[in-house]
Amino acid sequence: MPPRLPFNIVRNFFQLGQRTRTMSSQPSVYVTRPDVDASGLELLRKSCQVSTWSEPLPVPRAELIRQIAGKDALYCALTDKIDKEVLDAAGSQLKCVSTISVGYEHIDVEECKKRGIRVGYTPDVLTDATAELTVALLLGTNRRLFEANKQVFNGGWKSWAPMWMCGQGLKGSRVGLLGFGRIGQEIAARILPFKPAEITYTTRSPRPQEAAAVNARHVDFEEMLRNSDFIVACCALTPQTKEIFNAAAFQKMKSNCIFINTARGGVVDQNALYDALKCNTIQAAGLDVTTPEPLPLDDPLLKLENVVILPHIGSADIETRKEMSRITARNIIAALADEKMDAEVML
């Protein structure tokens with residue numbers, strides 16, 4: 001008769017088997033960035049096996065394709081192109097793609113629809129943060145704050161001068177918004193206390209109830225271009241809005257117009273914007289989004305004094321980014337349980 005194993009060894013072996021069975025029955029999730037807020041990852045780890053890319057940079061495509069194989073869900077970001085090749089590499093068990101962004105143009109939603117893959121995103125939560133940043137960028141551009149700040153460090157600040165570093169104010173101005181969704185409405189609400197003469201907005205259909213709350217008037221695109229002292233792009237990137245701000249659009253703007261873009265870089269023809277700024281067709285521009293991102297250091301826009309460029313920080317509010325991480329995780333958990341997601345792209 002073989003000798004009996006000590007009780008503690010038998011117990012440890014049994015517990016190890018239990019843990020192995022539990023882990024193997026958990027769905028697997030690949031996270032393309034390790035630097036998302038930990039609160040979202042902690043939610044996932046309670047019920048899923050989670051693996052992540054190791055560096056705080058966009059995951060290389062070859063690594064994404066290798067790691068997504070066999071996973072049940074993908075937690076991704078705007079910097080990750082999720083197309084047919086990635087979905088093929090994942091396999092038929094993939095149930096969910098959840099992005100930590102309000103935009104989802106980096107995901108092939110039609111391909112996801114064909115495969116029955118649910119897509120999650122993070123709208124609403126970043127509305128206030130993006131509206132705040134938009135107004136900050138507008139004020140920084142029109143009052144030339146970034147230009148003035150450079151003068152402090154490069155010796156340009158010699159003494160007070162009556163017209164030096166003057167910019168135009170919002171009071172009495174006409175502000176035009178392309179887009180009047182949640183973010184557009186919050187931008188208008190934040191601009192209103194600066195006492196503009198008029199706020200107008202351009203959308204496919206008027207939104208009278210929302211517009212009344214901020215005294216805004218619906219106009220067509222051509223009227224907005226011709227009459228606005230400030231134009232703010234806060235629309236979605238669609239086939240209809242792709243490069244809608246082109247050479248013809250800039251030519252129609254007033255010479256004192258300040259153009260602000262916190263929507264997507266793709267709504268602007270950047271070569272046309274460069275020409276409009278260099279030739280003083282418009283006065284200045286403030287951009288939080290560009291094409292590509294990041295801009296190459298030799299991009300001609302970076303050589304101009306009348307443009308302010310930020311590194312896509314519209315939603316970079318600490319609490320906002322934390323909640324975005326949690327929503328992205330909750331979307332995955334709900335999809336894997338065949339339950340309602342916090343925010344799902346309806347395919």
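Treat the numbers as computed from the prediction; the structure is a model and nothing was measured.
The shortest side-chain heavy-atom distance between Thr200 and Asn227 does not fall under the 4.5 Å cut-off. Counting heavy atoms from C-beta outward, Arg174 and Pro196 have side chains that stay 4.5 Å or more apart. In this structure, the side chains of Trp164 and Lys158 stay at 4.5 Å or more apart for every pair of heavy atoms. Side chains of Ser39 and Arg326 form a contact here, defined as non-hydrogen atoms less than 4.5 Å apart. With a 4.5 Å cut-off on side-chain heavy atoms, Asp220 and Thr202 do not count as touching.
A salt bridge does not link Arg226 to Glu223: none of the charged nitrogens lies less than 4.0 Å from a carboxylate oxygen. Looking at Glu42 and Arg45, no side-chain N of the basic residue comes within less than 4.0 Å of a carboxylate O on the acidic one, giving no salt bridge. For the pair Arg182 and Glu186, the salt-bridge criterion is not met [side-chain N within less than 4.0 Å of a carboxylate O]. The residues Glu85 and Arg61 are annotated as salt-bridged, a charged nitrogen and a carboxylate oxygen being separated by less than 4.0 angstrom.
How far CG of Asp83 is from CD of Glu110: 14.0 Å, rounded to the nearest 0.5 Å.
Checked by atom type and distance alone, the side chain of Asp80 pairs as donor or acceptor with a backbone atom of Ala77 at under 3.5 Å.
The minimum heavy-atom distance between Ala129 and Ser315, with the atom names listed, is CB-CA, 4.1 Å. When all heavy atoms of His106 and Ser101 are compared, the pair lying nearest together is CE1-OG, 3.6 Å. Taking each heavy atom of Pro27 and Asp72 in turn, the nearest pair found is CA-OD2, 3.2 Å.
Looking at Arg264, Lys242, Lys81 one by one, the single match for salt bridge (charged side-chain N to carboxylate O under 4.0 Å, His left out) with Glu105 turns out to be Arg264.
Pairs passing the ring pair (Phe, Tyr, Trp, His ring centres under 6.0 Å) check and including a residue from residues 254-286, sequence neighbours excluded, read Phe245-Phe259, Phe250-Phe259.
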